[in-house]
Amino acid sequence: MAQPASSDYRSVPLFDEMTSPEVAAAIASDAAIFVSLGATEQHGAHLPLGSDTMQGLDISRRAVHRLQQEGIAAIVGPVIPFGPRPFLSETPRDYPGTVNISNNTLRILLEEVCRELIGQGFRRIYLVLANAESDPPMQIVAKELSETTEANLVTLNWLVGVRPHYPKLMKATKPQGHGGEGETCRMLATAPHLVRMNEARPWHPTVPDGVPFADYLPYLGGGVGRYKMPDPFFAGFSDGITGDPQLASAEVGEKVYELVTDWITSIVKFDLATTKRG
């Protein structure tokens, strides 16, 4: 595929912006296609409801741009803008604006979207996790379609992939979560006009002493699926976020995206190197 006209990753078109002949050309070139799984949910008073979806698209665009620069065919695919209900261990109450679908609905929706792409001829589909709760349905779909079709579906959980370097970029000294410093940094890089930094407020849970090794959720690389936290863990929780969003900057957001792009590019190149056809 031809490289974008400029070096700016934003010149990479979204799936909805492409024409049918352009998609056909991508299929003919055996292009990888990136399908991101976002959400429509509250991110406190300072971030928009579509933050996960926007970040997923941004990650996909950056990865595709890098791959195209290196002569590897790839396009940004359709995005899933809804996810399952937030974990009660992250957001223990409902907030206006959050629109959830069930895990089973997401699984069916994602499977049918991917089957359409496979039916058209795509054989390398990368599912980009941009909403933590979407991870279990995403894994099921990738496994089953890889087993039952000619396509190879690979899931990309960059939260684990960049973890060794990610905390070193943050100013905060306490763990960051939903709507915290890291996510706010990324949104300042992706859509600064939608970030209300004057509304950014810190909040941290009351964490007991003696937390066992790997006692955090699987989507973060942990080994414990605890989906509800007892009091007083959420004492004072009101804004719907966890962390220190007031410390965020667009510069750090760009550095995080660079880490993610490097990691995704390495995965795709590894896949190509290990599946070369004779």
Side-chain angles (χ1 to χ4, degrees), residues 10 14-17 34-62 76-110 113 127-138 156-159 176-203 205 217 219-220 227 234 237-250 252-254 256-257 260:
R10 294 181 190 274
L14 301 179
F15 195 73
D16 294 349
E17 297 170 342
F34 287 78
V35 177
S36 55
L37 284 79
T40 302
E41 65 179 25
Q42 72 83 23
H43 281 74
H46 68 293
L47 294 181
L49 298 171
S51 290
D52 289 348
T53 302
M54 295 177 203
Q55 291 171 76
L57 284 172
D58 211 342
I59 289 170
S60 294
R61 272 181 134 172
R62 290 169 186 263
V76 177
V79 61
I80 308 296
F82 299 106
R85 177 175 292 277
F87 297 134
L88 293 177
S89 55
E90 179 181 79
T91 307
R93 51 173 281 201
D94 294 331
Y95 288 86
T98 298
V99 178
N100 303 311
I101 59 177
S102 70
N103 283 279
N104 196 46
T105 296
L106 177 58
R107 180 189 62 78
I108 293 170
L109 173 61
L110 180 59
V113 168
L127 304 181
V128 180
L129 183 67
N131 174 58
E133 289 82 1
S134 300
D135 189 46
M138 179 181 75
L156 298 172
N157 180 354
W158 62 269
L159 289 167
Q176 302 297 296
H178 183 71
E181 182 187 2
E183 188 159 26
T184 304
C185 283
R186 296 191 297 277
M187 284 303 295
L188 283 170
T190 295
H193 60 293
L194 298 178
V195 180
R196 291 82 159 167
M197 286 301 292
N198 62 312
E199 298 288 345
R201 304 284 186 273
W203 181 84
L217 284 164
Y219 81 86
L220 290 173
Y227 300 102
F234 281 106
F237 184 85
S238 61
D239 289 339
I241 64 98
T242 299
D244 298 278
Q246 78 284 359
L247 300 178
S249 70
V252 172
E254 289 292 343
V256 173
Y257 278 132
V260 176

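Position 1 is the first residue of the sequence; numbering continues from there. Scope of the values below: all heavy atoms of this structure, side chains included, with no hydrogens, waters or symmetry mates.
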Report task. Indicate the atoms forming the closest heavy-atom contact of Ser36 with Val79, along with that distance. Result -> OG-CG2, 3.2 Å
Requested in this report: May I have the step-by-step check of side chain to side chain contact (heavy atoms under 4.5 Å, CB included) for Val35 and Leu110, ending in yes or no?
Outcome: CA-CA 9 Å; Val35 177; Leu110 180 59; 4.2 Å; yes
**Report entry** Those residues that, when tested against Glu254, pass salt bridge (charged side-chain N to carboxylate O under 4.0 Å, His left out) (two or more places apart)
**Finding:** Arg62
Query raised in the report: Would you say the side chain of Leu156 lies within less than 4.5 Å of the side chain of Phe34, judging by non-hydrogen atoms?
Result: yes
Report task. Please report the C-alpha distance between His43 and His178 in whole Å, then the side-chain angles of each, then the deciding distance to 0.1 Å, and finally whether the side chain to side chain contact (heavy atoms under 4.5 Å, CB included) criterion is met. Result -> CA-CA 7 Å; His43 281 74; His178 183 71; 3.3 Å; yes
**Report entry** Contacts of Leu14 that satisfy side-chain contact (heavy atoms from CB on, under 4.5 Å) - sequence neighbours left out
**Finding:** Glu17, Leu57, Arg61, Val76
Query - Of all pairs that satisfy salt bridge (Lys or Arg N to Asp or Glu O under 4.0 Å), the ones with a partner from residues 41-57, not counting sequence neighbours - result: none
Requested in this report: Could you check if a side-chain atom of Leu47 sits within less than 4.5 angstrom of a side-chain atom of Val195, using non-hydrogen atoms only?
Outcome: yes
Please table the atom pairs, donor to acceptor, closer than 3.5 Å between any side-chain atom in residues 186-193 and protein atoms at least two apart or in another chain.
{"from": "Arg186", "atom 1": "NE", "to": "Gln55", "atom 2": "OE1", "distance (Å)": "2.6"}
{"from": "Arg186", "atom 1": "NH1", "to": "Tyr166", "atom 2": "OH", "distance (Å)": "2.9"}
{"from": "Arg186", "atom 1": "NH1", "to": "Gly182", "atom 2": "O", "distance (Å)": "3.3"}
{"from": "Arg186", "atom 1": "NH2", "to": "Gln55", "atom 2": "OE1", "distance (Å)": "3.1"}
{"from": "Thr190", "atom 1": "OG1", "to": "Asp58", "atom 2": "OD2", "distance (Å)": "2.4"}
{"from": "Thr190", "atom 1": "OG1", "to": "Arg186", "atom 2": "O", "distance (Å)": "3.1"}
{"from": "Thr190", "atom 1": "OG1", "to": "Tyr257", "atom 2": "OH", "distance (Å)": "2.6"}

Query raised in the report: Are any side-chain N or O atoms of Thr53 and backbone N or O atoms of Ala39, one a donor and one an acceptor, separated by less than 3.5 Å?
Result: yes
Query raised in the report: Got a sec, which residues hit side chain to side chain donor-acceptor pair (under 3.5 Å) with Asn104, two or more places apart in sequence or on another chain?
Result: Arg107
Query raised in the report: Does Phe237 have any ring pair (Phe, Tyr, Trp, His ring centres under 6.0 Å) partners at least two apart in sequence or in another chain, and if so, which?
Result: Trp203, Phe234
Report summary line: Only one of Leu159, Leu220, Leu217, Leu129 passes side chain to side chain contact (heavy atoms under 4.5 Å, CB included) with Asp135, and that residue is Leu129
Report task. State which residue, out of Ile80, Asn100, Asn131, fulfils the side chain to side chain contact (heavy atoms under 4.5 Å, CB included) condition with Leu106. Result -> Ile80
Query - For His46, all residues meeting ring pair (Phe, Tyr, Trp, His ring centres under 6.0 Å), sequence neighbours excluded - result: none
Query raised in the report: Would Thr184 and Met197 satisfy side chain to side chain contact (heavy atoms under 4.5 Å, CB included), going step by step from the backbone distance to the final call?
Result: CA-CA 9 Å; Thr184 304; Met197 286 301 292; 3.7 Å; yes
**Report entry** N/O donor-acceptor pair under 3.5 Å between Gln176 side chain and Glu181 backbone
**Finding:** yes
Report summary line: Smallest heavy-atom separation, Gly83 atom then Ser134 atom, equals CA-OG, 3.9 Å
Query - Side chain proximity check, Pro48 to Met54, heavy atoms < 4.5 angstrom - result: yes
Requested in this report: Search all heavy atoms of Asn103 against all heavy atoms of Pro84 and return the closest pair with its distance.
Outcome: OD1-CG, 3.5 Å
Report task. Could you tell me which residues satisfy side-chain contact (heavy atoms from CB on, under 4.5 Å) with Phe15, sequence neighbours excluded, listed by chain and number? Result -> Val23, Ile33, Ile75, Pro78, Leu117
Query - Nearest non-hydrogen partners of Asp239 and Arg201, listed with the distance - result: OD2-CB, 3.5 Å
**Report entry** Trace of the side chain to side chain contact (heavy atoms under 4.5 Å, CB included) decision for Gln42 with Thr91
**Finding:** CA-CA 10 Å; Gln42 72 83 23; Thr91 307; 3.7 Å; yes
Query - salt bridge (charged side-chain N to carboxylate O under 4.0 Å, His left out) partners for Arg93, two or more places apart - result: none
Query raised in the report: Residues two or more places apart in sequence or in another chain: which of them pass side-chain contact (heavy atoms from CB on, under 4.5 Å) with Thr105?
Result: Ile101, Ser102
**Report entry** Any pair counted as salt bridge (Lys or Arg N to Asp or Glu O under 4.0 Å), so long as it reaches residues 77-88, sequence neighbours left out
**Finding:** Arg85-Asp94
Report task. List in chain and number order the residues that pass ring pair (Phe, Tyr, Trp, His ring centres under 6.0 Å) with Phe87, two or more places apart in sequence or in another chain; answer none if no residue qualifies. Result -> Tyr219, Tyr227
Requested in this report: Measure across Gly38 and Ala130 and return the closest heavy-atom pair with its distance rounded to 0.1 Å.
Outcome: CA-CB, 4.3 Å
